[in-house]
Undergrad: 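Questions regarding the structure given below will be posed in turn.
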Amino acid sequence: MNKKSQTESPGLHNTRKRYAAERSKRSESDRRYVRLSSISWARSKDHVNRAPCTDAVDVTIIGAGIGGLVLGALLRQTGSVQRIRLVDEAPEVGGTWAVNDFPGLECDVESFIYLPLLEQTGTVPDYKYVSGENILDHCKSVARRFRLYDDALLSTRVTAAEWNCADRVWNIKTDAGDSFTSRFVCSAIGSLSIPKMPDIPGIESFMGHSFHANRWDYDYTGGTGGRELSNLTNKTVAVIGTGATAVQVIPKIADAAQRLLVIQRTPAVVLPKPNPATDERWYESLPSGWQSERRDNFHRVTSGGTVHNDLVDDGWTTIAAPLAASLLRSAVDGDRTDAEVLDLRTMEKIRDGIDIAVDDPKTADALKPYYRLFCKRPTFHSSYYETFNRANTELIDTSGRGVDRIDARGPVVNGTVHPVDCIIYATGFESELTTPYTARAGIEFTGRDGRRLSDWWADGVRTFHGVISHGFPNLFFMAKSQSGLHVNVPHMLEAVAEHISFMVEEAVANDALVEPTQRAESAWVQEISTSAPRDLEFAQSCTPGLFNNEGDPERSPRQNSSYGKGSIAFLELLEHWRNSGDKSDVGLSN
Ligand code: NDP
């Protein structure tokens, strides 16, 4: 008997059938979404009460999230440039952590590897996983430590950036009337910033209150900074969506609301997240360079590599990582069965755990995910499932179909209207797969000879190493497309920031412009297209979601993918390029 027939059990066959059946429940109409201008920025933007800037800076960083802050900090450390200007629409630095402040917000990646520049700032994370508020505080301390507030323009949106060939600078305009020049520009706009509202019929006819979870309305719910949502005590609330945001929000609303209805289309995978307080003595004993070592260790484990000692030792490294390793092995030896069997065993354990956690067997069954683990991003919470044992919390399972419609009283599911006071949409974000870059940025970049980025990238992203594009001198990108993708996003951002900082330093030293040749760019686009992580068979077998472009992985250009040989190989490639002598492919040869 060969290996394949030994392992392809009837269990595997039945599971495949079950997964396919679950996938097919999702209909075409579910995938549409609308942009409602009224929710694009639920909290009114702070009035910008200052004179417009008409000065000249060395570097403008569009986006003051972790990527922008880390780049600013590295540039400050190298000393190659003086005036660094962060511009952000939010009133504070921190990016996603400044904009998102929903109750229960925590990062599910370990704080010691997630928070950037811990050794330089002296921040001590309180817990293994810290709250959004703590992350925001840390972002502010990075901005203070590296004097990034000095030239920052907050509550300000860049509206246009145009290359001025004669003066070799970018002309930048903002919605606050600023018009200044900048020698270098980096677009660090983040990837999940535009809330996605489902196009549910009747959505605007609802007579109660509604908002998107990622633009939380504390005026309505009451309570900020971890306090109880006191205005909800006499309210019935519906949450639509059960992704990473909803998983954190739902237990908090259940604590506060009179009644909570959780409207589920596809159940999430929710792994436990024990969260011990930081042992300060341990933290103080860590040797210099510990953060980089810990990050590399996590990176290796979660990329399918082996390490002597799993330093982070959490759900990512012990549950998700073995599956990542088996998928990698199957890509090499061509036999996918082992990976599928391991996946099945893992998912069975997760489903068994739901039976133990949830008292009502019908609810437990409805909460069970029937797809392979990496079809969706796993989520983490230690009391999500138990929330459904509360008398005030009810799961409304749409069995993959979503909400039928919304009427004046509330959501209608399977023909039954559920009257509620408030609907909270935890329905995710537009992504690089659904929305072209310039549309997400809301900026037109006009490069050499009037070339518009929206035209140059009309058929897909075009970069060299994900960071620079032909026709756009001294313009850098920090994005997922054509770059390295890994769950510890700040690790990748810091590596890319180091790369950009290197190029800025070289350009300043050589009085040169950084711009890839068309040939170098085309070669990278080709490399991305051929190496793209498109296990189409896998992606197509998944229930629709963020990762497989809502069930249609072929819909977005292959070149918009990340580097297919993995994030470790990507970082090695960048380092090798920096250490190699010839930089003529980006105009830095002399
Ligand atoms: P997701 O896209 O992960 O989840 C959206 C949810 O809304 C899904 O459950 C989806 O169902 C549901 N949904 C969408 N449209 C409808 C509809 N018409 N009817 C019913 N349900 C619908 O968004 P999140 O905001 O939860 O998370 C996005 C990302 O943000 C994560 O992947 C993660 O990268 C990041 N994040 C990270 C956190 C962290 O701790 N690091 C915390 C929170 C978010 P379906 O599954 O069927 O599509």
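Indexing begins at 1, ligand by ligand and atom by atom, following the structure's order. For reference, positions follow the sequence shown, starting with 1.
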Undergrad: Output the list of atoms in ligand 1 that are nearer than 4.0 Å to some heavy atom of Leu192, sorted by atom number.
TA: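 Matching atoms, with element in brackets: 29 (C), 30 (O), 34 (O).
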Undergrad: Against heavy atoms of Cys107, which atoms of ligand 1 measure under 4.0 Å?
TA: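 Selected atoms, number and element: 40 (O), 41 (N).
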Undergrad: I need the contact type for Phe380 against ligand 1. Using non-hydrogen atoms and a strict under-4.0 Å cut-off, is it side chain, backbone, both or neither?
TA: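 Answer for Phe380: neither.
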Undergrad: Considering Thr398, Thr379, Thr266, Thr245, which one's heavy-atom position lies nearest to atom 24 (P) of ligand 1?
TA: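 It is Thr245 that holds the nearest heavy atom.
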Undergrad: Which part of Leu105 is near ligand 1, with near meaning a heavy atom under 4.0 Å away: side chain, backbone, both or neither?
TA: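 Answer for Leu105: neither.
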Undergrad: Which bit of Lys196 gets closer than 4.0 Å to ligand 1, counting heavy atoms only: side chain, backbone, both or neither?
TA: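 For Lys196, no heavy atom sits under 4.0 Å from ligand 1.
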Undergrad: Please check if any side-chain donor atom of Ser567 sits under 3.5 Å from a side-chain acceptor atom of His299, or the reverse.
TA: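 Side chains of Ser567 and His299: pair found under 3.5 Å.
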Undergrad: For residues His209 and Asp217, is any side-chain donor paired with an opposing acceptor at under 3.5 Å?
TA: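 Distance-only check passes for His209 and Asp217.
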Undergrad: For ligand 1, which atoms sit closer than 4.0 Å to a heavy atom of Lys376?
TA: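 Answer for ligand 1: 45 (P), 46 (O), 48 (O).
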Undergrad: Please determine, by modelled atom types, if Thr278 and Asp126 share a side-chain donor-acceptor pair under 3.5 angstrom.
TA: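 Note: Thr278 and Asp126 side chains miss the donor-acceptor criterion.
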Undergrad: Please determine whether salt bridge (charged side-chain N to carboxylate O under 4.0 Å, His left out) holds for the pair Asp314 and Lys273, giving the CA-CA distance in whole Å, both sets of side-chain angles, and the decisive distance to 0.1 Å.
TA: CA-CA 8 Å; Asp314 69 356; Lys273 193 180 73 174; over 6 Å; no
Undergrad: Tell me yes or no: between the side chains of Arg215 and Asn100, is some donor less than 3.5 Å from an acceptor?
TA: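 Distance-only check fails for Arg215 and Asn100.
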Undergrad: Minimum distance, heavy atoms only, to atom 36 (N) of ligand 1: which one of Gly243, Ala244, Cys375, Gly241 is it?
TA: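 The nearest heavy atom belongs to Ala244.
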Undergrad: Which atoms of ligand 1 have any heavy atom of Asp108 under 4.0 Å away?
TA: 39 (C), 40 (O), 41 (N)
Undergrad: Please determine, by modelled atom types, if His486 and Asn488 share a side-chain donor-acceptor pair under 3.5 angstrom.
TA: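 No.
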Undergrad: With side-chain contact (heavy atoms from CB on, under 4.5 Å) as the criterion, how do Ser481 and Tyr437 come out once you've worked through the C-alpha distance, each side chain's angles and the decisive distance to 0.1 Å?
TA: CA-CA 10 Å; Ser481 292; Tyr437 188 85; over 6 Å; no
Undergrad: Decide if the gap between the ring center of Tyr384 and the ring center of Phe380 is smaller than 6.0 angstrom.
TA: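 No: the rings miss the under 6.0 Å criterion.
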Undergrad: For atom 18 (N) of ligand 1, which candidate among Pro198, Gly400, Pro411, Pro267 provides the closest heavy atom?
TA: Pro198
Undergrad: With no hydrogens and no angle check, is any side-chain donor or acceptor of Asp407 less than 3.5 Å from a backbone partner on Phe206?
TA: no
Undergrad: Hey, could you give me the CD/CD1 distance between Gln559 and Ile528, rounded to the nearest 0.5 Å?
TA: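 Output value for this atom pair is 9.5 Å.
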Undergrad: N/O of Ile263 under 3.5 Å from N/O of ligand 1, yes or no?
TA: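 Not met; the criterion fails.
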Undergrad: Among Phe429, Tyr129, Tyr114, Phe547, which one has a heavy atom closest to atom 28 (C) of ligand 1?
TA: Phe429
Undergrad: Which of the listed options, Arg377, Arg265, Lys273, holds the heavy atom that is closest to atom 37 (C) of ligand 1?
TA: Arg377
Undergrad: Considering distance alone, does some N or O of Ala426 sit under 3.5 Å from an N or O of ligand 1?
TA: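 Yes, there is a polar N/O contact under 3.5 Å.
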Undergrad: Using distance alone, decide if ligand 1 has a nitrogen or oxygen within less than 3.5 Å of any nitrogen or oxygen in Thr242.
TA: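 N/O-N/O distance under 3.5 Å: yes.
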